[in-house]
Amino acid sequence: MSLLKISGLTHRFAGLCAVSDFNLLLQQNELVGIIGPNGAGKTTVFNLMTGVYRASEGSINFQGKELVGLDPHSITRLGIARTFQNIRLFKELSVLDNVRIAHYGQMAYSPAEALLHIGRFRAEERRITSQALDLLAVFHLDESANETAKNLPYGLQRRLEMARALAAEPKLLLLDEPAAGMNPNEIFQLMDFIGWIRRTFSVTILLIEHQMRLVMGICERLVVLDFGATIAEGLPAEIQANPKVLEAYLGEEVVS
């Protein structure tokens, strides 16, 4: 059975069709990219998958469970986590607390125990802190654990956002333009980093990206959107050579 099966996914905003009849199959441990120009519907697909929007039509089946109609919290608990094009950290909190927050979907104490600091509360808080520190160490952020998140350099904020997403122990990680704002050297480092994440955490990755060198270098398959519709899908080499794709919006960048 596929990890994810999206069938006939369609979404409209006040009569405007942002996504039209989108279909996707993802197998476990794949790394697949969705590409296309601004306004093509890429982030809308992510928002539909994570419950930010409810699809007008279609199905999103994740490990045999229908996601359409579920709220974002429930979808996260099922095993889907994401990052955002514009970094969305709790910037006034510490690096450690940003990751600790992501663990609370797995907490084993009740609201009453949390309020009164009784029962399982203290043991669970120690466990969550320990797990968060271990994850920060894996991402080489442990020395910055007590630093305020907004004070981290941009590249480390990106890394922290990925660490926070992985703290939810997802089976599917959605990366929305992870290379946004990065220089060419940082993009090459990011390519290695995304591959390392997939190997280390055995996680399936679906990413949106405009940086063609990144998607052509790391993605196993690509889906191309234009005005909400899929105009091509296939191996990176096939997409590179697809005249319709080149004419539509990739131009010379993809072959440079």
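Keep in mind the model is a prediction, meaning the values are calculated, not measured.
- Applying the 6.0 Å contact sphere to CD of Glu143 captures no more than 12 heavy atoms from other residues, nucleotides or ligands.
- For Glu209 against Ala179, the heavy-atom pair with the smallest separation is OE1-N, 3.0 Å.
- Enclosure of atom CZ in Phe193 by more than 12 non-hydrogen atoms of other residues, nucleotides or ligands within 6.0 angstrom is indicated.
- For CZ of Phe201, the number of neighbouring non-hydrogen atoms (other residues, nucleotides, ligands) closer than 6.0 Å is greater than 12.
- At a threshold of 4.5 Å between non-hydrogen side-chain atoms, the residues Trp196 and Val138 count as touching.
- Residues Glu30 and Thr204 bring no donor and acceptor atom of their side chains to less than 3.5 Å of each other.
- In this structure the side chain of Phe62 never reaches within 4.5 angstrom of the side chain of Ile75, judged on heavy atoms.
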TODO: For Leu152 and Ser144, run side chain to side chain contact (heavy atoms under 4.5 Å, CB included): C-alpha distance rounded to whole Å, both residues' side-chain angles, the deciding distance at 0.1 Å, then the answer.
DONE: CA-CA 8 Å; Leu152 289 181; Ser144 302; 3.9 Å; yes
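- Within the 4.5 Å cutoff, no side-chain heavy atoms of Ile101 are placed close to those of Val99.
- Interatomic distance, Phe227 CZ to Cys17 SG, rounded to the nearest 0.5 Å: 12.5 Å.
- Taken together through direct or relayed side-chain contacts under 4.5 Å among Ile, Leu, Val, Met, Phe, Trp and Tyr, Phe84 and Leu173 form parts of separate hydrophobic clusters.
- With rounding to the nearest 0.5 Å, the separation of NZ in Lys65 from OG in Ser74 is 12.0 Å.
- Among all heavy-atom pairs drawn from Asn29 and Arg198, the shortest one is O-NH1, 2.7 Å.
- The minimum heavy-atom distance between Ala163 and Leu135, with the atom names listed, is O-CD2, 3.1 Å.
- Cluster membership check: Ile239 shares its hydrophobic cluster with Met191, using side-chain heavy-atom separations under 4.5 Å among Ile, Leu, Val, Met, Phe, Trp and Tyr.
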Return a table of donor-acceptor pairs under 3.5 angstrom between the side chains of residues 40-51 and protein atoms on other chains or two or more places apart.
{"unit_1": "Lys42", "atom_1": "NZ", "unit_2": "Gly36", "atom_2": "O", "d": "3.0"}
{"unit_1": "Lys42", "atom_1": "NZ", "unit_2": "Pro37", "atom_2": "O", "d": "2.9"}
{"unit_1": "Thr43", "atom_1": "OG1", "unit_2": "Asp176", "atom_2": "OD2", "d": "3.1"}
{"unit_1": "Asn47", "atom_1": "OD1", "unit_2": "Arg82", "atom_2": "NH1", "d": "2.7"}
{"unit_1": "Thr50", "atom_1": "OG1", "unit_2": "Phe46", "atom_2": "O", "d": "2.8"}
{"unit_1": "Thr50", "atom_1": "OG1", "unit_2": "Arg82", "atom_2": "NH1", "d": "3.3"}

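- In this structure, the separation between CD1 on Ile34 and CG on Leu24 is 6.0 Å, given to the nearest 0.5 Å.
- Expressed to the nearest 0.5 Å, how far OG of Ser94 lies from CG of Asn151 amounts to 11.5 Å.
- Between Tyr53 and His11, the ring planes lie parallel to each other; the angle is under 30°, not in the 30° to 60° tilted range.
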Q) Between Val32 and Leu222, does a side chain to side chain contact (heavy atoms under 4.5 Å, CB included) hold up when you go through it step by step? A) CA-CA 6 Å; Val32 176; Leu222 294 173; over 6 Å; no
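- Shown here for Arg158 and Gln85, the closest heavy-atom pair between the two residues is NH2-O, 2.5 Å.
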Practice prompt. Determine, stepwise, if the pair Glu161 / Arg88 fulfils salt bridge (charged side-chain N to carboxylate O under 4.0 Å, His left out).
Written response: CA-CA 7 Å; Glu161 190 181 37; Arg88 296 188 186 180; over 6 Å; no
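- Under the 3.5 Å distance criterion, the side-chain polar atoms of Ser20 are left unmatched by any main-chain donor or acceptor of Gly228.
- Other residues, nucleotides and ligands place no more than 12 heavy atoms under 6.0 Å from the CD atom of Gln28.
- Leu172 CG to Leu78 CG: the interatomic distance, rounded to the nearest 0.5 Å, is 11.5 Å.
- When side chains are defined from C-beta on, Ser2 does not count as touching Gln63, because their heavy atoms never get closer than 4.5 Å.
- Leu156 and Leu96 fall within the same hydrophobic cluster, defined by Ile, Leu, Val, Met, Phe, Trp and Tyr side-chain heavy atoms under 4.5 Å apart, directly or through other members.
- With a 4.5 Å cut-off on side-chain heavy atoms, Asn61 and Ser7 do not count as touching.
- Cluster membership check: Tyr154 shares its hydrophobic cluster with Ile194, using side-chain heavy-atom separations under 4.5 Å among Ile, Leu, Val, Met, Phe, Trp and Tyr.
- Listed here is the closest heavy atom pair of Ala168 and Thr76: CB-CG2, 4.1 Å.
- Of all heavy-atom pairs spanning Ile128 and Arg100, the tightest one is CG2-O, 3.8 Å.
- To the nearest 0.5 Å, atoms CG (Asp134) and CD (Gln131) are separated by 7.5 Å.
- The cluster map of Ile, Leu, Val, Met, Phe, Trp and Tyr, joined by side-chain heavy atoms under 4.5 Å apart, puts Val52 and Ile6 in the same cluster.
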Can you check side chain to side chain contact (heavy atoms under 4.5 Å, CB included) on Val68 and Ser59, steps first, answer last?
CA-CA 6 Å; Val68 174; Ser59 170; 5.6 Å; no
Exercise for the section: In sequence, state the C-alpha distance, the side-chain angles, and the governing distance for Leu4 and Ile60, and then conclude on side chain to side chain contact (heavy atoms under 4.5 Å, CB included). Expected result: CA-CA 7 Å; Leu4 177 78; Ile60 306 171; 3.9 Å; yes
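- Side-chain contact between His210 and Ile35: absent, with no pair of heavy atoms (C-beta onward) separated by less than 4.5 Å.
- Residues Leu175 and Leu206 form no side-chain contact, since every pair of their non-hydrogen atoms from C-beta on lies 4.5 Å or further apart.
- Within the 4.5 Å cutoff, no side-chain heavy atoms of Leu9 are placed close to those of Glu57.
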